[in-house]
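Everything numeric in this text was worked out from a predicted model, so none of it was measured.
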Amino acid sequence: MPPPGLWQTFFEPKEILSKLGLITQFDHVVEFGCGYGTFTTPRAQIVNGRVSTFDLDEQMIAHARGQLPAEILNKVQFHHLDFCFATQVLGKSIADYVMLFNILHGEEPIRLLEQAFDLLCPEGRAGIIHWNYDPDTPRGPPMDIRPQPEELADLAHGAGFMVSEMIDLPPFHYGFQLQKPPS
């Protein structure tokens, strides 16, 4: 990861969260990978309910926790745990929204999407973003593992989601809104 100050220049968090359908009425939002907390604080400021976030790196969790204003710190619960075990900690069908931001280039993207699907209540939503499939982006995974938009849409469909049209998230990202079908 680049230094936090540089990292922040790659995103417009509130605009991205709005385009990906995050709304104040959500009671429980789950984030896979808090990183520096780029989206953790804005997300906690937007939703009325609670926020659960997972990360494998204790230093990232400490940094993200340190970025939270005191008035919203009690809304966020941090978990030092692999996202693939989120349902074992939180249970199934408990979330209104799940965030999968810049993480679906790893070894088991379908497993992460299935985990998100299982966390969501019927008709719950998820947002995914990833780096543009463009070698000129200033960051992002190597091109040989960076997913193309069509690949992510296909993976999300394969996990059971209804998938929106691709959403352009300038300057360096694209995304999709996902929805779990009604039961």
Side-chain angles (χ1 to χ4, degrees), residues 1-24 26-91 94-109 111-120 124-131 138-141 146-147 152 156 169 172-178:
M1 296 271 291
L6 176 61
W7 184 255
Q8 298 295 345
T9 67
F10 300 145
F11 306 95
E12 294 293 335
K14 288 186 178 180
E15 183 178 328
I16 289 171
L17 291 170
S18 175
K19 286 182 176 183
L20 293 179
L22 187 71
I23 58 174
T24 59
F26 288 145
D27 288 325
H28 190 186
V29 177
V30 178
E31 177 182 40
F32 285 5
C34 65
Y36 287 128
T38 304
F39 292 94
T40 309
T41 296
R43 177 195 57 187
Q45 291 170 327
I46 292 169
V47 299
N48 291 330
R50 65 189 168 121
V51 170
S52 298
T53 190
F54 291 81
D55 207 291
L56 291 172
D57 188 329
E58 289 183 72
Q59 290 178 334
M60 290 291 144
I61 290 172
H63 185 89
R65 183 181 281 124
Q67 301 303 304
L68 287 171
E71 65 271 11
I72 60 171
L73 186 59
N74 64 338
K75 289 174 62 173
V76 181
Q77 184 177 21
F78 290 90
H79 301 274
H80 177 236
L81 186 70
D82 187 320
F83 329 126
C84 291
F85 300 104
T87 57
Q88 291 178 9
V89 173
L90 299 176
I94 53 80
D96 300 301
Y97 193 91
V98 176
M99 297 167 50
L100 301 117
F101 289 10
N102 294 319
I103 63 169
L104 293 174
H105 57 275
E107 294 177 16
E108 298 184 81
R111 188 166 175 210
L112 293 178
L113 286 161
E114 289 169 346
Q115 190 74 193
F117 189 89
D118 288 346
L119 284 168
L120 287 168
R125 299 181 196 163
I128 59 176
I129 69 170
H130 219 293
W131 293 92
R139 282 288 302 161
R146 190 180 303 197
L152 284 187
L169 301 169
F172 305 115
H173 292 84
Y174 66 91
F176 295 96
Q177 285 188 34
L178 311 179

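- Within the structure, the side-chain hydrogen bond (donor to acceptor under 3.5 Å, both in side chains) test picks out no pair touching residues 73-82 (sequence neighbours left out).
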In residues 11-19, what donor-acceptor pairs under 3.5 Å come from side-chain atoms, sequence neighbours left out?
residue, atom, partner, partner atom, Å
E15, OE2, K19, NZ, 3.3
K19, NZ, D168, O, 3.4

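- Of all heavy-atom pairs spanning L169 and G175, the tightest one is CD1-N, 3.7 Å.
- If you take CZ on F78 and OG on S52, they are separated by 10.5 Å, rounding to the nearest 0.5 Å.
- Residues satisfying the ring-ring contact (aromatic ring centres under 6.0 Å, His included) test with F176, not counting sequence neighbours, are none.
- Contact detail for L81 and L56: the closest heavy-atom pair is C-CD2, 3.7 Å.
- Of all non-hydrogen atoms in I23 and V47, the two that sit nearest each other are O-CG1, 3.5 Å.
- Evaluation of the side-chain contact (heavy atoms from CB on, under 4.5 Å) rule for H105 yields H130, P141, I145, P147 as partners, not counting sequence neighbours.
- One distance of note links CG of L22 with CD1 of I46; it measures 5.0 Å at 0.5 Å rounding.
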Could you list the donor-acceptor pairs under 3.5 angstrom formed by side chains in residues 95-103, with sequence neighbours left out?
residue, atom, partner, partner atom, Å
D96, OD2, D27, N, 2.6
D96, OD2, H28, N, 2.9
Y97, OH, L20, O, 2.8
N102, OD1, W131, N, 3.4
N102, OD1, H173, NE2, 3.4
N102, ND2, H173, NE2, 3.4

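- A distance of 12.0 Å separates CZ of R65 from OG1 of T41, quoted to the nearest 0.5 Å.
- The minimum heavy-atom distance between Q67 and Y36, with the atom names listed, is CG-O, 3.8 Å.
- Sorted by first and then second residue, the salt bridge (charged side-chain N to carboxylate O under 4.0 Å, His left out) pairs with a member in residues 30-47 read E31-R43; sequence neighbours excluded.
- Test D55, L119, L113 against F32 for side-chain contact (heavy atoms from CB on, under 4.5 Å) and you get one pass: L119.
- Partners of R111 under the salt bridge (charged side-chain N to carboxylate O under 4.0 Å, His left out) rule, at least two apart in sequence or in another chain, are E108.
- Scanning all heavy atoms of the two residues, the minimum distance from C34 to T53 falls at CB-OG1, 3.1 Å.
- Residues meeting the ring-ring contact (aromatic ring centres under 6.0 Å, His included) test with F117, sequence neighbours left out: F161.
- The 12-atom threshold is not exceeded at CD of Q59, counting heavy atoms of other residues, nucleotides or ligands nearer than 6.0 Å.
- For the pair G33 and F83, the tightest heavy-atom approach, listed with the atom from each and the gap, is N-CE2, 3.2 Å.
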